[in-house]
Amino acid sequence: MASEGMRDPKHYQLGKTQFDPDLIKEVEALGGKNAQMCYQCGTCTASCPMGQRSGLRVRTVMRKANLGMRDVLDDPDLWLCTTCYTCSDRCPRRIMATDAIIALRNIATREKKVPMSMIKIMGAISKTGHGVPNNEANMKNRVKVGLPENPPTTHTYPEYIKDINKILEVTGLLKIREEMEAESQ
Amino acid sequence: MDEEKRIGVFICHCGTNIAGVIDVKELAEYAKTLPNVAHAQDYTYMCSTPGQAMIRDSIKEHNLNGTVVAACSPRLHEPTFRKATEEGGVNSFLFSMANIREQDTWVHMEEPEKAMEKAKDVVRMEVARASMLEPLTPKTVPVEKAALVIGAGIAGIQASLELADAGIKTYLVEKEPSIGGNMSRLDKTFPTLDCSQCILTPKMVDVERNPNIELMTYSEVEDVSGYIGNFDVTIRQKSRYVYEDKCNGCGKCQEVCPVSRPNEFDLGLMPRKAAYVPFPQAVPLKFTIDMDSCIKCDLCKGEEACGDLEAIDFDKPDELTTVKVGSIIVATGFDMYDVERKEEWGYKVFDNVVTGIEMERLISASGPTGGNIIRPSDGQKPKSVGFVLCAGSRDQDEEDGAKPYCSRVCCMYSLKHAHQLIEKIPGCVPYLFYMDIRSFGKAYEEFYYRIQNEGGKFIRGRVARITEDPITKNLTVTAEDTLLGTPVEMEVDLVVLANAVVPAESTQKVKTLLTLSNSPDGWLLEAHPKLNPMSTTTDGVFLAGMCQGPRDIPDVVAHAAAAAAAASIPIHKGSVTLEPIYAIVDQEHCGGCATCIGVCPYGATELNEVDSKLVASVNEAKCKGCGTCGSACPSGAIKMQHFTNEQIMSEIEAFAQGW
């Protein structure tokens, strides 16, 4: 029997931020293998090609995830990772930091913390099957090098767009998009 | 001295160390112009085999009777060139070394012209000195085939067992009633998680049974005289008020004793009686009566207690024993830093702030809680525990008595505590506030990995303050998470301060008795930090374990074995050769004023009556040749061999000729 004064370790204050020890477990369960083993060497940040051009700091993302600082989910930089996996390749503790970022994005999306720009990309996927659909300039260039105007994707086979929408529906993304768009108006 | 002096001067290039700064050819030519110089030459590496052969052959070829080598420091190569001189047939003390590297070309490399001038000065001075040197013969003294080990923690135990197994009679002196030291307080040891007592007690039992070891517990070294090979040691065996030969360790005296006071072994976390053994596995298992707290009720002597054994005697006096040994090992260990002085952490103010060693007792199955980890304020199991690493280590705050060095064990024992908390209390989360995790030993980094994998949480930042909730007695730890640049305030149930290790207070007396020095951090000073970490500047005295500096158990054991090996060398050789560089008293001129007695830092001078007159004499074996007595002597009666007034004056005169 714990005395009245004993605290549930879930409720630690970290500065002014709530600290949730379960966040890192969630990240690991969603594919961020070994994420809690991060020892903050910074190889990931220094390896990140996107980090050189933006505010994305993989080490900081890992630190916040490890401490359970849920405000990491609101961080727009989380969405700048191109998933090139260079950080994961070079990690001395064999942590899949890229997968941890993907896991955090999943959690953020579920909590409707995904940026509206991403929702717009989701709209493009729903409509065309592509996050970045083909355009006229691109088509001209393709023809110039002897390729057909459209790649052999949903652009050539639009009948598969309905299947892509089925995936968006099953994963709950369509609903999240609808709700977020409704909320933003 | 009447013989014509013929000095050979040998100039070393030391690669480019010397030749890259000054013109060595010019220096050799200059040397040839100096008085008494019969030969001078230069060479790339004088210390090499051909370089030594050059000295040897030149002595014969040019009929030399003295040598000067201008090269590095005597500390490095004096023995080499002495030997080369001797091989040429000249007494090795007719050689003198001119340091033109460390004290010249290294420090003046930006000013080569001035370096050249200085090199000429130094060579001229050493040539003058070499012309005045006298042949000397080293002395040989026999060595007593016995050793003394002071302190019976793991270092002293290991050293004693090694010496005893090498066939050397070993006196092991321990000031506490039992051997075992700090290691016997520990629960488990990192990183293997061996039970500390389980690996230590077999060694303790070996000590008690080894026929070559004479164990003297509850004893202290009172006086040491003599020198390497022949130390006379006086040991005070404090009275236990119990006859060790009669006591059978039954413990009935303890049962009936009505006095209760904090047990030092458990850091006061548990009581003991006035009649006590510090812990159940004590060696020897002989009871001690703490006369400071005994009320002399005589219950322990009664029929139901000691009774017919008659082992207890309140009038039993201390005993003084004198033993003769050839070498001495100091293994006086360490104390814990008084972390109460760091007021910001609230030790002894807040109930639930404990130290690392107290945590050991709280975890230990033989400790006050039977191995149940509970917090002191309410006896509850802590669900979150904060660890303050570097508590008093890596801290320049002298006012608080903090220590600038790394204590080398705290990271690892805190990791071990974290593991034990996770293992023993389901759901308990340890938070380690650290600046660096120093997991440098074999399998240590892997242990760190393991604890992180088990759920230990690491926050990089030194704890600035701890506050207590007066009602719940929970603690709030304030630090910065330096990896995020965010201040952290974390509420925990218990805080463990991983406090620094400091030199044991009892070492001071031993240090004085053996004329040892300490490094600026307070630990005993070794002869060389890299190449001779187990010897001291006092010949025949060696260091084992923490008394020389912070180290963990594997390193202590290795250090102790090294000290034992080093200490056994003179004993096995049977004799030692002493440098003939010692002071000699001209007793005709000595007025017996005793000035030299007071100034000698080695206790080598003494006053004796010769022909009904008090005169000083110098013990050749104890004298280190420092010359203090010679310069202090008001009647000029003391001559420092190899550094006579005439020899030193000749150098000064030669120096002045350059002006």
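Here is the naming used below: chain letters follow the sequence lines, and residue numbers restart at 1 for every chain.
Atom CD of E169(A) sits in a sparse spot, with 12 or fewer heavy atoms from other residues, nucleotides or ligands closer than 6.0 Å. The neighbour count for K424(B) NZ, taken as heavy atoms of other residues, nucleotides or ligands under 6.0 Å away, is above 12. Within a 6.0 Å radius of CD in E343(B), no more than 12 heavy atoms belonging to other residues, nucleotides or ligands are found. Counting heavy-atom neighbours within 6.0 Å of F440(B) CZ, excluding the residue itself, gives a total above 12. With a 6.0 Å radius and a threshold of 12 heavy atoms from other residues, nucleotides or ligands, R465(B) has its CZ atom at or below the threshold. Residue-environment remark: OH (Y85(A)) exceeds the threshold of 12 foreign heavy atoms within 6.0 Å. Within 6.0 Å of CD in E159(A) there are more than 12 heavy atoms belonging to other residues, nucleotides or ligands.
Considering all non-hydrogen atoms of both residues, N66(A) and K457(B) come closest at O-NZ, 3.6 Å. Scanning both residues, M69(A) and L484(B), for their nearest heavy atoms gives SD-CD1, 3.3 Å. Nearest heavy atoms, R63(A) versus D481(B): NH2-OD2, 2.8 Å. Across all non-hydrogen atoms, the minimal contact from Q452(B) to Q36(A) is NE2-O, 3.1 Å. Smallest separation of non-hydrogen atoms from Y39(A) and E445(B): CE2-OE2, 3.9 Å.
By the 6.0 Å and 45° rule, R93(A) stacks over the aromatic ring of Y448(B).
Rounded to the nearest 0.5 Å, atoms CD (Q40(A)) and OG1 (T482(B)) are 9.5 Å apart.
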Requested in this report: Would you sort out whether K64(A) and L483(B) count as a side chain to side chain contact (heavy atoms under 4.5 Å, CB included), showing the intermediate values?
Outcome: CA-CA 10 Å; K64(A) 289 183 167 182; L483(B) 294 166; over 6 Å; no
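For R59(A), the part lying under 4.5 angstrom from a heavy atom of chain B is the side chain only.
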